[in-house]
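So the structure is just underneath, and the comments pick up after that.
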Amino acid sequence: MNLFKRKTNFFKKITNYLWSFFGIFGKHFSKRKNFNHINVDQKLVYDLSPKKIPSGQQLKHLHRFLNPREYLIIKICLLLIIVNAAYLGVAFFKKHLSYSPLVGGEYIEGVIAYPKAINPLYAVNRDIDSDLSRLIYSSLFRYNGEGELVNDLVAEYSINGNTEYIFKIKEGVKWHNGESLTIDDVIFTISAIKNEEYRSPLKNIFSGAELERVDDFTLKISLSSPYAPFLSNLTFGILPKNVWEKVVPGSAILSELNLKPIGSGLYKFKSLVKNKDGEIKEYNLAVNDEYYSQKPYIKNIKFKFFVNYTEAIKALNDNQIDGLGYLPLNERQELIAKDSLFFHELARPQVFGLFFNFEKDKALGDKTARISLAQAIDKEQLIKDIFDGAYRSEDGPILKNNYAYNNEIIRYGYNPEEAANNIKNKLASTSLTVVDSGRNVAVAEKIKQYWESIGVAVELKIIASEKAAEVVKGRDFEIIFYGQAVGADPDVYAFWHSSQAKAGGLNIASYNNAEADTLLTEGRETANLTERITKYKKFQENIASNLPAIFLYSPTYTYVQSKKVHGFQATTLVEPSDRFATVADWYLKTKTKLIW
């Protein structure tokens with residue numbers, strides 16, 4: 001019995017010690033009232049558990065230990081933790097995740113029409129030929145994505161006395177066949193342009209010019225008279241002499257080299273696909289790995305040719321092509337997934353306006369009447385209503401994005417009340433001639449509404465496109481709505497000098513002003529950029545003061561690309577092919593990297 005009591009007492013001491021050690025109830029356990037075996041068991045299990053965090057299996061039973069309110073609070077807290085974690089994760093990756101271009105991929109562009117002569121001597125007449133020439137050939141100069149003239153093959157140049165130009169080209173440039181490009185290729189190309197047997201439309205740009213070979217990489221060109229915009233004429237591609245000298249000049253237009261060219265540009269000819277009728281349906285280019293400047297990321301470019309926009313837009317909607325070379329405004333509604341496309345609105349060096357013919361309507365000779373007609377037109381609203389706001393309003397013959405633009409000229413803003421008051425007894429009626437092309441008629445109808453709102457009756461004369469040249473040449477209009485391709489250089493001599501006012505000239509307003517003539521002549525004769533800008537700014541003041549025309553807007557070139565194409569940076573083009581000015585920066589593939 002004593003032995004049993006000793007064992008019992010020993011067990012009690014051990015138990016009290018353990019409970020005291022784990023901090024459950026203390027050494028006086030045996031004397032406490034309301035002893036709860038369940039609580040003790042739970043605490044003992046918790047203290048003896050190797051893990052203090054509940055397992056997933058245990059969490060399934062959480063609702064058994066919590067009342068509904070507590071369980072709801074737990075769920076709301078968990079949701080807030082998840083939402084905040086997601087937000088912080090996204091914010092972190094946006095700040096620290098960097099995307100960079102990868103080399104590779106194929107870009108597919110749809111174009112209306114198909115190539116005939118991918119040759120710098122002839123390509124100027126067809127947009128698709130110019131597009132391919134731009135990618136395949138290098139030129140002495142080229143236009144960048146901002147419409148600025150920059151060096152291409154030319155390493156450096158100098159101008160002496162406004163008529164002598166010395167060009168040194170880059171060394172180490174290779175043709176696509178592996179041979180070296182030298183100044184002999186440049187001389188051959190210019191000589192071919194000048195040669196009447198080649199029948200190149202560029203022939204006149206070198207009229208009176210003499211060439212002198214200085215060394216393997218240097219050429220001197222002497223002009224018969226000063227012509228400041230001369231450098232802008234040197235954007236044609238250079239042909240390889242060793243290939244083309246074997247071709248008879250009179251048969252050059254028929255050579256197979258016009259479809260399988262050898263150039264020195266970013267991309268080289270790879271292959272072409274014809275249908276059973278011999279028409280080219282696809283044209284494939286591969287990157288030129290030996291290119292002398294920045295190499296492009298996109299390895300291959302494919303052109304697909306379509307008969308009309310209906311087919312081309314369907315291909316774009318079906319993701320068969322990645323881009324569409326020019327999209328007319330009236331075709332935009334045919335696109336399905338607009339959110340998956342980039343619409344690049346590129347400024348073009350064209351100006352549309354209303355040109356007066358004082359000889360046909362003497363009342364238009366009154367400056368106050370012309371000013372009133374200008375004040376009656378809300379240019380911005382016209383552009384918004386007819387061109388969805390895509391075009392840009394203009395104030396003069398030199399465009400707003402030109403380096404010689406004068407921002408301080410007189411402007412005749414929209415003021416219909418003043419216009420209506422001032423035009424009384426000045427002009428009761430007139431006629432407005434418009435060429436039936438694009439949205440020209442819609443513009444003319446809008447102008448008619450504006451002018452009739454100030455009391456001027458307007459007769460619209462709509463003419464077919466094929467008769468436009470005849471009407472303009474004969475100056476058979478009172479007021480004509482017309483467009484002029486003024487180019488990137490501020491030289492507008494051809495459009496406003498009095499010598500160009502005769503029949504057949506481009507001075508369709510027949511503007512005859514001695515001050516303007518002097519400024520235009522001096523502006524094209526000096527190579528000094530500062531002096532040129534000064535001359536052209538004064539010329540713009542002259543035009544704004546005399547108002548021989550009302551300038552309305554310059555159009556844009558809508559270039560559509562899939563959003564999978566990255567890196568497009570151009571804002572301005574001189575020719576449609578200039579949409580490829582930054583093609584070396586385009587990319588289809590990316591890699592990601594965390595940055596700290």
For the residue pair Y587 and Y297, categorise the inter-ring angle as parallel (less than 30°), tilted (30 to 60°) or perpendicular (more than 60°).
-> perpendicular

For the residue pair F580 and W586, categorise the inter-ring angle as parallel (less than 30°), tilted (30 to 60°) or perpendicular (more than 60°).
-> tilted

Charged N-O contact under 4.0 Å between D395 and R411 = yes

Go through the steps for S393 and E380 under the test side chain to side chain donor-acceptor pair (under 3.5 Å), then give the verdict.
-> CA-CA 7 Å; S393 63; E380 301 302 333; 2.6 Å; yes

Could you grab the distance from atom NZ of K270 to atom OH of Y283, nearest 0.5 Å is fine?
-> 13.0 Å

Counting distance only, does the side-chain N/O of D585 pair as donor-acceptor with the main-chain N or O of Q569 below 3.5 Å?
-> no

Any side-chain hydrogen bond (donor to acceptor under 3.5 Å, both in side chains) pairs touching residues 480-491, not counting sequence neighbours?
-> D489-R532, D491-R524

Taking NZ, NE, NH1 and NH2 as the nitrogens, is one of them in E394 or R392 under 4.0 Å from a carboxylate oxygen of the other?
-> yes

Derivation and outcome, salt bridge (charged side-chain N to carboxylate O under 4.0 Å, His left out), residues R332 and E345 = CA-CA 13 Å; R332 185 174 295 197; E345 297 293 347; 2.5 Å; yes

Test the R579-Y559 pair against the cation-pi criterion, namely NZ or CZ under 6.0 angstrom from the six-membered ring centroid and within 45° of the ring axis.
-> yes

Give a yes or no answer on whether the side chain of S200 reaches the backbone of L121 with a donor-acceptor pair at less than 3.5 Å.
-> yes

Could you give me the CA-CA distance, side-chain angles and deciding distance for N406 and Y536, then say whether side chain to side chain donor-acceptor pair (under 3.5 Å) is met?
-> CA-CA 8 Å; N406 188 344; Y536 288 121; over 6 Å; no

Under 4.0 Å between a Lys/Arg side-chain N and an Asp/Glu carboxylate O for E522 and K535?
-> yes

Carboxylate-amine/guanidinium contact K295 D289, below 4.0 Å | no

Before accepting this row, confirm whether a basic side-chain N of the pair E109/K304 lies closer than 4.0 Å to the acidic partner's carboxylate O.
-> no

Rounded to the nearest 0.5 angstrom, the CG-CG distance for D152 and L140 is 8.0 Å

Note: D129-K116 ion pair, threshold 4.0 Å (strictly below) | no

Heavy-atom donor-acceptor pair, N308 side chain to T310 backbone, under 3.5 Å | yes

Taking the six-membered ring for Trp, are W244 and F188 ring centroids under 6.0 Å apart?
-> no

Determine, using ring centers only, whether H176 and F269 are less than 6.0 Å apart.
-> no

Look up atom CD in E525 and atom CG in N162, then write down how far apart they are to the nearest 0.5 Å.
-> 8.5 Å

Would you find more than 12 non-hydrogen atoms of other residues, nucleotides or ligands less than 6.0 Å from E106 atom CD?
-> yes

If the plane angle is over 60° it's perpendicular, under 30° parallel, otherwise tilted; pick one for F230 and F206.
-> perpendicular

Check whether any side-chain heavy atom of Y227 lies under 4.5 Å from a side-chain heavy atom of N233, and answer yes or no.
-> yes

With under 30° as parallel and over 60° as perpendicular, where do the rings of W496 and Y511 fit, or are they tilted in between?
-> perpendicular

F342 six-ring centre to K563 NZ/CZ under 6.0 Å and within 45° of normal = yes

For F217 and K170, the nearest pair of non-hydrogen atoms, with its separation, is CD2-O, 4.0 Å

